[in-house]
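Worksheet: the structure to be examined is printed underneath.
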2 protein chains.
Amino acid sequence: MALDKIDRKILSLLQRDATMPVAEIGRKVGLSTTPCWRRIQKMEEDGVIQRRVAVLDPAKVNVGVTVFVSVKTNEHNEAWMRKFSGVIDEFPEVVEFYRMSGDVDYLMRVVVPDIGAYDTFYKRLISKINLTDVSSAFAMGQIKYTTALPLDFAIVVDDDK
Amino acid sequence: MALDKIDRKILSLLQRDATMPVAEIGRKVGLSTTPCWRRIQKMEEDGVIQRRVAVLDPAKVNVGVTVFVSVKTNEHNEAWMRKFSGVIDEFPEVVEFYRMSGDVDYLMRVVVPDIGAYDTFYKRLISKINLTDVSSAFAMGQIKYTTALPLDFAIVVDDDK
DNA sequence: CTTCTCGCGCAATAAAATTGCGCAAAGCAA
DNA sequence: TTGCTTTGCGCAATTTTATTGCGCGAGAAG
């Protein structure tokens with residue numbers, strides 16, 4: 001599953017623009033389309049590339065407001081966690097959800113049109129599951145958002161090129 | 001720029017899988033390929049669809065650890081904010097960056113291979129810009145992550161279908 | 001030195017995107 | 001109501017891109 005420099009270049013390009021024709025990618029990484037295509041296939045099979053998606057403009061679909069919701073709980077067991085996860089899965093407003101170390105137990109990112117919609121979401125959430133301590137922090141603006149992961153850390157073989 | 005039910009269905013599909021042929025999308029939303037294709041084009045021109053990207057598996061590219069970094073500052077002016085933004089832009093490890101209301105002034109999500117790499121990142125960051133108060137929270141696990149925004153809030157016209 | 005494996009690239013084939021054109025329904029003005 | 005205009009649909013090319021089959025050459029293995 002190791003990646004070489006060419007694979008990384010390919011990934012870098014696809015992370016920016018998955019529309020780019022394989023032929024053009026090949027040209028940019030110094031490869032003809034066939035081997036380039038096969039590399040992409042392999043990375044998809046290996047799960048390095050998970051999927052290709054369309055990224056929408058949050059404001060244009062009326063979810064311009066981001067809220068970070070911190071949750072603390074007394075329930076520190078597997079079963080409860082599963083239940084919580086299940087509940088969260090039902091909410092498309094929750095776009096990210098993490099189990100945290102330290103002070104907060106869970107952290108989620110929620111997207112909604114406005115404060116009012118957040119309140120509605122909040123009520124629906126606490127009606128589905130009992131939460132001890134919930135704290136909401138509103139984002140005033142999104143300064144940076146990218147789906148592109150840094151590739152500088154990826155394991156590299158054949159590092160002479 | 002208003003969207004109707006068909007547009008939303010199209011967006012919903014493309015948010016999940018931007019690989020799907022237009023013909024198939026058309027079939028699923030009850031449209032032939034040409035009008036479906038034109039709708040997609042229009043939404044791209046309008047910027048509703050911002051881009052199409054490949055989503056990678058964080059663990060497989062060796063950035064399995066997510067850290068949320070909260071920053072408080074005394075500098076509450078436009079110029080400083082711009083500088084900060086500029087610095088952050090240079091760090092591919094920072095995949096999200098928000099200006100917050102309330103207690104914390106800025107919040108960012110950082111992805112790295114491990115704690116050690118985070119420490120390296122942290123040192124590089126504070127060497128680039130003077131930060132008053134920085135607090136790091138480590139994610140023990142990513143329970144949910146999606147690039148798909150909820151479309152339930154999108155403005156809809158022609159709501160009779 | 002020979003054999004085997006791996007990755008490359010060319011050339012054909014298949015699939016998907018893109019365009020041109022005509023048609024019909026809905027809005028609008030006379 | 002009638003006739004004009006706009007809008008969105010779908011069929012049928014045409015063009016572009018993805019995908020496959022095949023042979024070649026370099027380097028590893030024996």
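In the text below, chain A, chain B and the rest are named by the order of the sequence lines, each starting its count at 1.
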Value in whole Å for how far the [atom2] atom of [N] lies from [atom1] of [X]:
X	N	atom1	atom2	value
B:Arg39	C:dT18	CZ	P	17 Å
B:Ile40	C:dA16	CD1	C1'	12 Å
B:Asp4	D:dT7	CG	P	15 Å
B:Glu24	C:dA17	CD	P	10 Å
B:Glu44	C:dT18	CD	C1'	13 Å
A:Met20	C:dA17	CE	P	18 Å

Lys/Arg N to Asp/Glu carboxylate O, A:Lys128 vs A:Glu90, below 4.0 Å: no
Residues within residues 9-19 of chain B bordering DNA chain D, heavy-atom distance below 4.0 Å: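 Going residue by residue through residues 9-19 of chain B, none turns out to have a heavy atom under 4.0 Å of DNA chain D.
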Output a table of nitrogen or oxygen pairs between the protein and nucleotides 13-15 of chain C separated by less than 3.5 Å.
none

Check against salt bridge (Lys or Arg N to Asp or Glu O under 4.0 Å), A:Arg109 and B:Glu96: CA-CA 11 Å; A:Arg109 182 163 80 90; B:Glu96 298 180 52; 3.2 Å; yes
Restricting to nitrogen or oxygen on both sides, can you table the protein-nucleotides 19-23 of chain D pairs closer than 3.5 Å?
{"residue": "D:dT19", "atom": "OP2", "partner": "A:Trp37", "partner atom": "NE1", "Å": "2.4"}
{"residue": "D:dT20", "atom": "O4", "partner": "A:Thr34", "partner atom": "OG1", "Å": "3.2"}
{"residue": "D:dG21", "atom": "O6", "partner": "A:Arg38", "partner atom": "NH2", "Å": "3.3"}
{"residue": "D:dC22", "atom": "N4", "partner": "A:Arg38", "partner atom": "NH2", "Å": "3.3"}

From [X] atom [atom1] to [Y] atom [atom2], the distance as rounded to the nearest 0.5 Å:
X	Y	atom1	atom2	answer
B:Ile129	B:Ile88	CD1	CD1	7.5 Å
B:Thr120	B:Asp114	OG1	CG	8.0 Å
B:Gln41	B:Arg38	CD	CZ	9.5 Å
A:Gln15	A:Thr146	CD	OG1	7.0 Å

Flag, side chain of A:Asp119 to backbone of A:Gly116, donor-acceptor distance under 3.5 Å: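 Between the backbone of A:Gly116 and the side chain of A:Asp119 there is no qualifying donor-acceptor contact (under 3.5 Å).
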Given B:Ile10, B:Leu11, B:Ile155, the one that forms side chain to side chain contact (heavy atoms under 4.5 Å, CB included) with B:Leu3: B:Leu11
The single option from B:Glu75, B:Lys72, B:Arg99, B:Met100 passing side chain to side chain contact (heavy atoms under 4.5 Å, CB included) against B:Asp105: B:Lys72
Path from A:Tyr106 to A:Ile126 over hydrophobic side-chain contacts below 4.5 Å: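 Same hydrophobic cluster.
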Within one Ile-Leu-Val-Met-Phe-Trp-Tyr cluster: A:Phe68 and A:Phe97, side-chain cutoff 4.5 Å: no
Residue pairs involving residues 137-156 of chain A (criterion ring pair (Phe, Tyr, Trp, His ring centres under 6.0 Å); sequence neighbours excluded):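 Found A:Tyr118-A:Phe138.
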End axis versus end axis in the helix from C:dC1-D:dG30 to C:dA30-D:dT1, the angle rounded to 10°, five pairs used at each terminus: 30°
Pairs touching residues 51-64 of chain B that satisfy side-chain hydrogen bond (donor to acceptor under 3.5 Å, both in side chains), sequence neighbours left out: B:Glu44-B:Arg52
